2 protein chains.
Amino acid sequence: MKKRGYVSSVRSAAAAENRDRVIEAAAKLLREDASIARFSLDTVAKAAGVTRLTVYNQFGSRRGLLEAVFDGIARQGGLHEIADAMAMPDPLMALDRVVEIFCSFWARDAAIGRLHEAMATDPEFAEALLERNERRRKLVRMLTERVAAKTAARRAREGAVDMIFALTSYPMFAMLNRGRPTNEVCHLVQTACRAAVEPLSR
Amino acid sequence: MKKRGYVSSVRSAAAAENRDRVIEAAAKLLREDASIARFSLDTVAKAAGVTRLTVYNQFGSRRGLLEAVFDGIARQGGLHEIADAMAMPDPLMALDRVVEIFCSFWARDAAIGRLHEAMATDPEFAEALLERNERRRKLVRMLTERVAAKTAARRAREGAVDMIFALTSYPMFAMLNRGRPTNEVCHLVQTACRAAVEPLSR
DNA sequence: AAATTAGATATACAATATGTATAGTCAATT
DNA sequence: AATTGACTATACATATTGTATATCTAATTT
């Protein structure tokens with residue numbers, strides 16, 4: 001009755017391929033639908049050509065699948081350019097660049113909007129996504145500290161950080177994006193962010 | 001077999017009382033829960049001491065109940081003070097006051113947050129709530145036009161309108177409200193709104 | 001007083017979803 | 001040849017929205 005076990009490159013490769021197909025199918029469905037309402041594991045499984053049970057084997061739950069979809073988008077989402085932006089000498093230009101990067105990210109895949117909707121019905125998934133956003137808050141805090149004069153009050157700094165964090169969030173992008181191209185949204189957010197840090201610099 | 005029909009003040013009063021009890025129970029549950037996830041008509045009905053079918057008789061659907069809850073909150077929500085604010089001679093002070101009114105409104109009842117979550121799973125409810133928000137956009141547009149110089153470009157005006165509309169939205173309030181008292185949120189939003197219209201005035 | 005009516009109830013049913021449980025299939029590996 | 005990993009087939013439990021039908025009760029009309 002002992003399990004000998006084995007690791008098969010052929011099998012794990014096939015499984016990974018299957019996994020990717022499911023993620024891709026889920027992302028496509030999220031992208032095409034205008035709302036998360038119609039999204040179900042059954043539909044995803046059929047679109048991916050597997051059984052619903054396979055989805056559970058791979059992702060554990062609906063939540064697991066959604067997280068995998070988000071991480072898949074994030075991986076190929078251009079967020080790696082943040083390092084270069086943060087290395088820029090002028091903190092205000094760095095801020096502009098970071099805003100631009102996140103605007104592009106939010107605009108990249110319409111599935112991101114559906115995933116944010118999913119936060120409403122699944123608190124644990126919401127927490128998972130919020131954790132991933134905390135990295136952005138750290139970036140914003142670093143930039144704010146670089147801009148702020150030493151005389152600036154702590155409360156004012158925290159206010160600026162949270163304001164910029166909110167301005168660069170997906171909900172903000174989504175609200176500004178209706179009937180407006182991404183680069184214009186980006187410009188609006190950049191201006192608002194600069195206005196938020198300006199009082200700290202003097 | 002003819003319906004004679006009759007209108008009874010006693011009956012309709014009793015029905016209205018029942019209706020109010022259901023709305024109140026729903027609002028209370030939405031207020032107490034941290035997420036819309038656990039909200040169900042069965043729970044509401046039991047909390048109100050009626051049958052689930054009674055809820056359907058009164059509101060037609062889950063969506064109908066949610067709309068009734070929102071309208072109930074809006075009715076006693078201090079939004080009537082907007083008229084006085086809009087009548088203020090200085091448009092910037094009027095803007096400050098309008099921001100203050102909406103901050104108070106969003107902060108008034110935690111159920112509002114849950115209702116906004118419900119927009120994710122019910123597109124038609126989302127549309128109903130968005131329609132109610134369009135009134136706010138009109139206010140913002142009026143104030144922006146009052147501030148803007150005649151030389152200000154149309155696109156810049158529209159940008160300012162949408163930015164302020166987003167800044168005064170519930171999602172924005174919710175993002176800034178974590179660990180911060182309402183009046184500080186209000187101040188942050190006021191400052192950001194003033195910064196958004198400032199470029200138009202010169 | 002008797003018939004009717006509005007509102008609520010009781011009960012059942014249909015349709016979806018998520019999630020769990022068990023046994024079986026098939027090819028890769030030992 | 002036996003075992004194992006991934007997937008499948010089928011069934012089941014649970015929760016939720018929404019609909020259908022018959023019944024109950026108190027208010028109202030004739």
Side-chain angles (χ1 to χ4, degrees), chain A residues 1-23 25-26 29-30 33 35-67 114 117-118 120-125, chain B residues 1-23 25-26 29-30 33 35-67 114 117-118 120-125:
Chain A
M1 300 291 277
K2 272 187 187 173
K3 289 183 182 179
R4 294 188 305 210
Y6 64 82
V7 182
S8 161
S9 62
V10 177
R11 296 219 103 127
S12 52
E17 201 175 311
N18 243 333
R19 196 185 144 93
D20 288 349
R21 258 217 330 281
V22 174
I23 291 177
L29 289 172
L30 289 170
D33 281 5
S35 159
I36 190 81
R38 297 183 132 201
F39 182 84
S40 79
L41 298 190
D42 214 30
T43 316
V44 172
K46 271 168 188 156
V50 298
T51 312
R52 188 167 62 91
L53 272 257
T54 301
V55 180
Y56 276 100
N57 285 337
Q58 286 286 356
F59 304 98
S61 66
R62 173 192 170 91
R63 175 157 58 243
L65 172 60
L66 293 177
E67 285 185 33
R114 305 297 88 71
E117 289 176 0
T121 46
D122 189 335
E124 297 187 40
F125 176 66
Chain B
M1 300 292 277
K2 274 186 187 172
K3 288 183 183 179
R4 295 185 307 208
Y6 64 83
V7 182
S8 161
S9 61
V10 178
R11 296 217 104 127
S12 51
E17 200 175 314
N18 243 334
R19 196 184 144 93
D20 288 348
R21 257 216 330 280
V22 174
I23 292 178
L29 288 172
L30 289 170
D33 281 5
S35 159
I36 190 81
R38 297 182 130 202
F39 182 84
S40 78
L41 297 190
D42 213 32
T43 316
V44 173
K46 272 168 188 156
V50 297
T51 311
R52 188 168 62 94
L53 271 258
T54 301
V55 179
Y56 277 99
N57 285 336
Q58 286 287 354
F59 304 98
S61 65
R62 174 193 168 92
R63 175 158 56 243
L65 172 58
L66 293 177
E67 285 185 33
R114 305 297 88 71
E117 289 175 0
T121 46
D122 189 334
E124 297 187 41
F125 176 66

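Here is how names work: the chains are called A, B, and so on, in the same order as the sequence lines, proteins then strands, and each is numbered from 1. The structure displayed is predicted, hence computed values, not measured ones.
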Here the distance between atom C1' of dA17(C) and atom CZ of Phe59(A), to the nearest Å, is 18 Å
Assign Ser12(B) to base, sugar-phosphate, or nothing according to its heavy-atom contacts below 4.0 angstrom with the strands shown.
nothing
Any side-chain heavy atom of Gln58(A) within less than 4.5 Å of one from Val22(A)?
no
Should Arg19(B) and Phe59(B) count as side-chain neighbours, where that means a heavy-atom distance under 4.5 Å?
yes
Spacing of Asn57(B) atom CG relative to dT19(D) atom C1', expressed in whole Å
12 Å
Could you say whether Asp42(B) or Ser9(B) is positioned toward the 5' end of DNA chain D, judged by the nucleotide with the nearest heavy atom to each?
Asp42(B)
Does Tyr6(B) make a side-chain donor-acceptor contact with the base of dT29(D), cut-off 3.5 Å?
no
By nearest-nucleotide position on DNA chain C, the 5'-leaning member of Leu53(A) and Ala37(A) is Ala37(A)
Roughly, in whole Å, what's the span from CZ in Arg62(A) to C1' in dT16(D)?
14 Å
Find out whether Leu65(B) and Phe39(B) are in side-chain contact, i.e. whether some heavy atom of one side chain is under 4.5 Å from a heavy atom of the other.
yes
Does Arg11(A) reach a base, just sugar-phosphate, or nothing at all? Heavy atoms under 4.0 Å.
base
Among dA8(C), dG18(D), dC7(D), find the nucleotide with the atom closest to the side chain of Arg52(B).
dG18(D)
For dT9(C), does OP1 or OP2 lie under 4.0 Å from any side-chain N or O of Thr51(B)?
yes
Could you give the OH-to-P distance, from Tyr56(B) to dA20(D), as a whole number of Å?
13 Å
Check whether any side-chain N or O of Ser8(B) sits under 4.0 Å from OP1 or OP2 of dT28(D), and answer yes or no.
yes
Between dT19(D) (P) and Leu41(B) (CG): distance, integer Å
11 Å
Rounded distance in Å - CZ (Phe125(A)) to P (dG19(C))
13 Å
Phe125(B) versus Arg63(B), closest heavy-atom pair with distance:
N-CD, 3.4 Å
From CZ of Arg38(A) across to P of dA15(C) the rounded distance in Å is 17 Å
Output the rounded distance in Å from CZ (Phe39(A)) to P (dA17(C)).
12 Å
Hey, does the side-chain of Arg19(B) have a donor or acceptor N/O within less than 3.5 Å of a partner on the base of dG7(C)?
no
Sugar-phosphate only, base, or nothing, as touched by Val50(A) at under 4.0 Å among non-hydrogen atoms:
sugar-phosphate
Quick one: does Arg63(B) reach the base of dG18(D) with a side-chain donor-acceptor pair under 3.5 Å?
no
Remember a base hit wins even if backbone is also touched, and classify Asn18(A) as base, sugar-phosphate or nothing at under 4.0 Å, heavy atoms.
sugar-phosphate
Under a 4.0 Å N-O cut-off, is there an ion pair linking Asp33(A) with Arg38(A)?
no
